Amino acid sequence: LKKGKRLENRVAAEWRRKVDGFASRTSGSGNGHIKGDVYNRFYSIECKNQETTKIWEWFDQSRAEVQFGKPPVVIFSGNYRPILVTMELGDWLDLVKEAKIEK
């Protein structure tokens with residue numbers, strides 16, 4: 001439980017630092033009226049900090065908790081592993097397109 005909370009807090013902090021926008025860990029880790037683990041304006045984020053990956057199960061959970069049409073994202077890590085992000089191809093391509101337009 002502590003590992004998951006630590007990852008959620010880190011994701012929210014990195015979001016605020018890099019994106020310069022509001023993000024915070026959802027109290028109850030998505031069990032309340034706000035779904036997802038890290039609340040922000042743009043994505044429905046599910047965080048997992050586990051050694052055994054269950055990416056399809058996690059992605060299904062993220063999709064089930066989507067609110068307000070936000071694209072689902074799974075952010076995961078494990079002991080001494082990098083933090084990785086999984087999202088649908090179309091959503092990722094939208095990000096690439098936006099980044100290309102901004103340059």
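What you see is a predicted model; the values in this text were computed from it and never measured.
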Legend entry - ring-ring contact (aromatic ring centres under 6.0 Å, His included) partners of residues 58-99, not counting sequence neighbours, each pair once: W58-F76
Legend entry - Interatomic distance, E65 atom CD to E46 atom CD [nearest 0.5 angstrom]: 5.0 Å
Legend entry - CZ (R16) with more than 12 external heavy atoms under 6.0 Å: yes
Inset, instruction - Could you give me the CA-CA distance, side-chain angles and deciding distance for V38 and C47, then say whether side chain to side chain contact (heavy atoms under 4.5 Å, CB included) is met? - result: CA-CA 8 Å; V38 176; C47 293; 3.9 Å; yes
Legend entry - NZ-CG distance between K100 and L95, expressed to the nearest 0.5 angstrom: 14.5 Å
Inset, instruction - Please identify each residue that fulfils salt bridge (Lys or Arg N to Asp or Glu O under 4.0 Å) with R63, with sequence neighbours left out. - result: E88
Legend entry - Any side-chain heavy-atom pair of P71 and V66 under 4.5 Å: no
Legend entry - Exercise: identify the closest heavy-atom pair between S62 and S44: OG-O, 3.5 Å
Inset, instruction - Write out all pairs satisfying salt bridge (charged side-chain N to carboxylate O under 4.0 Å, His left out) with one or both partners inside residues 50-62, taking only residues at least two apart or from two chains. - result: none
Inset, instruction - Find out if a path of hydrophobic residues (ILVMFWY) with successive side-chain heavy-atom gaps under 4.5 Å connects M87 to L84. - result: no
Inset, instruction - Please round to the nearest 0.5 Å and tell me the distance separating atom CZ of R81 and atom OG1 of T53. - result: 9.0 Å
Legend entry - For N40, all residues meeting side-chain contact (heavy atoms from CB on, under 4.5 Å), sequence neighbours excluded: W15, A23, F42, Y43, I45
Legend entry - Sequence-distant partners of V85, side-chain contact (heavy atoms from CB on, under 4.5 Å), two or more places apart: V73, I75
Legend entry - Partner residues of R17 under the side chain to side chain donor-acceptor pair (under 3.5 Å) criterion, sequence neighbours left out: E14
Legend entry - Closest non-hydrogen atom pair between S77 and P82, with its separation: OG-O, 3.4 Å
Inset, instruction - Working to the nearest 0.5 Å, report the span between CG of N49 and CD1 of I83. - result: 8.0 Å
Inset, instruction - Say whether K48 and Q61, considering side chains only, have a donor N or O and an acceptor N or O under 3.5 Å apart. - result: yes
